[in-house]
Amino acid sequence: MSKPNLPNVKTQLFIDGKWIDGDKKGTKAVINPANGETLTEVAQAGEAETTRAIEAAKKAFGGWKELELAKRVAILNKIGDLLEERAEELAPIMTLEQGKPLKESKGEFLTGAANFHWAAEEARRLYGETIPAPNNHAYIVKKEPIGVVGAITPWNFPAGMVTRKIAPALATGNTVVLKPSGDTPLSALAIFELFEEAGLPNGVANLVMGSSKEIGKTLTDSDDVRKLTFTGSTAVGQTLFEQSGQTLKKLSLELGGHAPFIVFADANIDDAVAGLIASKFRNNGQVCIAPNRIFVEASILSTFQEKLVEKVKNLKVGNGWDEVDVGPLIREDAIDKIEDQLKDAKAKGAEVLVGGKKATGDVLENGNFYLPTILGNVTRDMNIFYEETFGPVVPLITFETTEEAIKLANDSEFGLASYFYTKDLSRVEQVSSGLEYGMVGANEVAISNPETPFGGVKHSGFGRENGHFGMEEYLQVKFVNLKYRD
Ligand code: NAP
């Protein structure tokens, strides 16, 4: 397929229901990672525009919170319907700005639709509690929205992270100021156009782009922003955590991961290989829950490795708008990071079994393409054992016993996703209990669904997205002690 043209998409800030330019901030180019071309320029905001967006969200909060629930639900469902209907035509926007294959981009908008539909349904079930009380009293516990929510999202899922935050925030009656990643703002802008079309009242959702430091600081310093939800790197999460101390904000931090993927000797090896390929090479490994350390029981290493190498060799690398399995990496420095990790690992005895270099060829010349790579003989003294990779590299590590596998898997500062394959039921219990991770896939890699809790422990952050746990993050509890008779 030839390169699609960038569909018409707004490039301005969206504040209080209006598309506006930034005050004297100029514009920023959005670059296509597949060929280095500039797709368009987007408006830039700083403290002044972010403050206006917060004020707009604050002004809109009362009306949105009080809006008849059926009306709120109808608007959210309408947004979900529009995302579903338009997924096909929105997909090129994401592929052009982020690089992932078109089928993944379309799937992500469909997931966005599912997030809105699920949150709309759940908005009807935000039950409180009554608690047994002394005579003449009722103890009532209500769940209420928090107020203005600041949301900051990364580039790897330019629609998924936006909808996963905004759908529950709005469904629970809050208003939002979003700052999408500077690398991939266009998918978020397209989603905001749908908000308008669905009749979301002015000021309920606002979008600012620009200096992330300045916008982040304005959000964290504002006492009007009562909740901050962030997905991104652990380092930036730590900064936002510190900055939010003065205003004592409620926080959700979805940070980095370094997922272990354990294959026991009794596993269905074909299933494990297929699961690894699907989860590792989705979005070219630029996924916080992508398997990053593959632990294989020593007795099956050669069989597992052989099957894996065969499949990985055949993965097609190319532009996301062609029929490919793997697109480009987001920026050139992502390749530098992979090459540093590989250099260190090779110097310490690791062996490149497939890939291990930039992809070449006419159409790949100006893009950030790297070959899917398998690294054998990986050990704990290598940087790749401890550092998040965020690219298409599969490091293979062997183990002998279940206890050793659990210990190796837990040897990480991160604690987001983990996976293991075995047919032994008692081992399923032992390993899923032993893994210090927020999510565990047992013989399964699909661990992110609109209805199930997503999030991590340790340096992967805290708070949960999706499911009723995700809705709770945007609610606060109020206790009413009612004396109803003298
Ligand atoms: P990042 O550099 O932390 O950026 C994430 C977002 O934070 C972007 O919008 C960025 O804006 C903004 N930002 C950067 N510095 C900031 C600051 N000082 N104050 C406020 N905002 C700031 O992460 P990334 O490179 O985009 O994403 C990759 C990371 O995200 C990986 O570590 C990955 O594991 C993690 N991730 C986690 C999850 C999860 O659910 N746990 C999901 C996806 C990704 P600009 O882009 O405009 O600078």
Side-chain angles (χ1 to χ4, degrees), residues 25 28-31 33 42-47 50 97-98 100 108 111 150-165 177-188 207-222 225 228-244 249 251-259 282-292 329-331 333-334 337 387-391 412-418 437-439 447-448 453-466 470 473:
K25 289 280 185 305
K28 178 178 186 288
V30 182
I31 308 290
V42 294
Q44 296 288 281
E47 185 182 348
T50 308
E97 69 174 343
Q98 203 274 346
K100 66 180 67 176
E108 195 175 323
T111 302
I152 302 178
T153 51
W155 50 263
N156 59 346
F157 290 96
M161 298 301 115
V162 169
T163 56
R164 201 153 86 174
K165 294 183 185 315
V177 177
L178 170 77
K179 193 213 85 66
S181 164
D183 291 326
T184 58
L186 303 179
S187 301
L207 183 153
V208 289
M209 304 171 279
S211 156
S212 45
K213 280 202 175 114
E214 200 173 326
I215 295 172
K217 190 83 172 68
T218 311
L219 289 171
T220 52
D221 283 358
S222 168
V225 176
L228 185 73
T229 170
F230 170 75
T231 297
S233 60
T234 296
V236 173
Q238 285 162 334
T239 301
L240 294 170
F241 183 87
E242 275 175 31
Q243 284 179 198
S244 297
K249 264 179 234 326
L251 280 177
S252 298
L253 299 175
E254 301 281 355
L255 309 177
H258 202 35
R282 179 169 72 117
N283 198 9
N284 209 0
Q286 303 171 112
V287 182
C288 53
I289 57 170
N292 267 347
L329 289 150
I330 188 74
R331 288 186 306 263
D333 60 4
K337 183 175 177 194
E387 284 174 7
E388 188 182 25
T389 308
F390 241 55
S412 169
E413 64 183 11
F414 296 108
L416 188 59
S418 56
Y437 287 82
M439 293 169 285
I447 54 166
S448 174
F454 185 104
V457 297
K458 294 159 74 178
H459 283 210
S460 294
F462 50 79
R464 291 294 177 269
E465 295 194 303
N466 291 344
E473 299 281 334

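Each ligand, and each atom within it, is numbered from 1 in the order the structure gives.
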(request) Answer whether the closest heavy-atom distance between the side chains of Val208 and Val177 falls below 4.5 Å. (result) yes
(message) So that I can tick it off, tell me whether Glu473 and Arg464 are bridged by a salt bridge, with the cut-off set at under 4.0 angstrom between side-chain N and carboxylate O.
(response) no
(message) When you compare the side chain of Thr234 with that of Glu413, does any pair of heavy atoms fall below 4.5 Å?
(response) no
(request) Report the part of Asn156 in contact with ligand 1, treating N, CA, C, O as backbone and CB onward as side chain, heavy atoms under 4.0 Å; options are side chain, backbone, both, neither. (result) side chain
(request) Verify the contact flag for atom 4 (O) of ligand 1, where contact means a protein heavy atom under 4.0 Å away. (result) no
(request) Look only at the side chain of Ser418 and the backbone of Ala259, and say whether a donor-acceptor pair between them is shorter than 3.5 Å. (result) no
(request) Report the part of Leu416 (side chain from C-beta onward, or backbone N, CA, C, O) that has a heavy atom under 4.0 Å from ligand 1; answer both or neither where that applies. (result) side chain
(request) Give the atoms of ligand 1, by number and element, whose distance to some non-hydrogen atom of Gly182 is under 4.0 Å. (result) 45 (P), 46 (O), 47 (O)
(message) Tell me whether Ser212 has any N or O atom under 3.5 angstrom from an N or O of ligand 1.
(response) yes
(message) Heavy atoms only, cut-off 4.0 Å: how does Lys217 contact ligand 1, side chain, backbone, both, or neither?
(response) neither
(message) If we only consider heavy atoms of Arg164, is any one of them less than 4.0 Å away from an atom in ligand 1?
(response) yes
(message) Check this for me - ligand 1, Thr153, N or O atoms closer than 3.5 angstrom, yes or no?
(response) yes
(request) Using only heavy-atom distances, determine whether the side chains of Ser187 and Glu97 contain a donor-acceptor pair under 3.5 Å. (result) yes
(message) Geometry only, no angles: is Gly216 polar-contacting ligand 1 at N/O separations under 3.5 Å?
(response) no
(message) Tell me the nearest of Phe230, Phe390, Phe414, Trp155 to atom 24 (P) of ligand 1, using heavy-atom distances.
(response) Trp155
(message) Closer than 4.0 Å to some heavy atom of Thr231 - which atoms of ligand 1 meet that?
(response) 5 (C), 36 (N), 37 (C), 38 (C), 39 (C), 40 (O), 42 (C), 43 (C), 44 (C)
(request) May I ask you to check whether Asp183 has an N/O atom sitting below 3.5 Å from an N/O atom of ligand 1? (result) no
(message) Rounded at 0.5 Å granularity, tell me how far CG in Leu329 sits from CG in Asn156.
(response) 12.0 Å
(request) Determine whether Val42 and Leu186 make a side-chain contact, defined as any pair of heavy atoms from C-beta on separated by less than 4.5 Å. (result) yes
(message) Please state which option from Ala259, Pro180, Cys288, Ser233 has its nearest heavy atom closest to atom 39 (C) of ligand 1.
(response) Cys288
(request) Starting from atom 37 (C) of ligand 1, locate the nearest protein heavy atom and write down its residue, its atom name and how far away it is, to 0.1 Å. (result) Leu255 O, 3.1 Å
(request) Report yes if some heavy atom in the side chain of Glu108 is under 4.5 Å from a heavy atom in the side chain of Asn283; otherwise report no. (result) no
(message) For Glu387, is there an ion pair with Lys337 - N to carboxylate O distance below 4.0 angstrom?
(response) no
(request) Please write down residue, atom name and distance for the protein heavy atom closest to atom 35 (C) of ligand 1. (result) Gly232 O, 3.1 Å
(message) Using a 3.5 Å distance criterion without hydrogens, assess whether the side chain of Gln286 forms a donor-acceptor pair with backbone atoms of Ile330.
(response) yes
(request) Identify the protein heavy atom lying closest to atom 11 (O) of ligand 1, giving its residue, its atom name and the separation to 0.1 Å. (result) Lys179 NZ, 2.9 Å
(message) Quick check on contacts: which atoms of ligand 1 are under 4.0 angstrom from a heavy atom of Lys213?
(response) 18 (N)
(request) State the atoms of ligand 1, each with its element, that fall below the 4.0 Å cut-off from a heavy-atom position in Glu254. (result) 37 (C), 38 (C), 39 (C), 40 (O), 41 (N)
(request) Check whether any N or O atom of Glu388, backbone or side chain, sits under 3.5 Å from an N or O atom of ligand 1, and answer yes or no. (result) yes
(message) Can you tell me which portion of Leu240 lies within the under-4.0 Å heavy-atom range of ligand 1? Options are side chain, backbone, both, or neither.
(response) side chain
(request) Report the distance from atom CD of Glu214 to atom CG of Leu219, rounding to the nearest 0.5 Å. (result) 11.0 Å
(message) To the nearest 0.5 Å, what is the distance between CG on Leu251 and CZ on Phe230?
(response) 11.0 Å
(request) Measure the shortest side-chain to side-chain distance between Ile152 and Met161 over non-hydrogen atoms and say whether it is less than 4.5 angstrom. (result) no
(request) May I ask whether Phe157 places a heavy atom under 4.0 Å from ligand 1? (result) no
(request) List every atom of ligand 1 that sits less than 4.0 Å from any heavy atom of Ile152, numbering the atoms from 1 in the order shown and giving each element. (result) 6 (C), 7 (O), 9 (O), 12 (C), 20 (C), 21 (N)
(message) I'd like to know if the side chain of Lys165 pairs up with that of Thr231 as donor and acceptor (distance under 3.5 Å, no hydrogens or angles considered).
(response) yes
(request) Distance to 0.1 Å, residue and atom name: give those for the protein heavy atom nearest to atom 16 (C) of ligand 1. (result) Val236 CG1, 3.5 Å
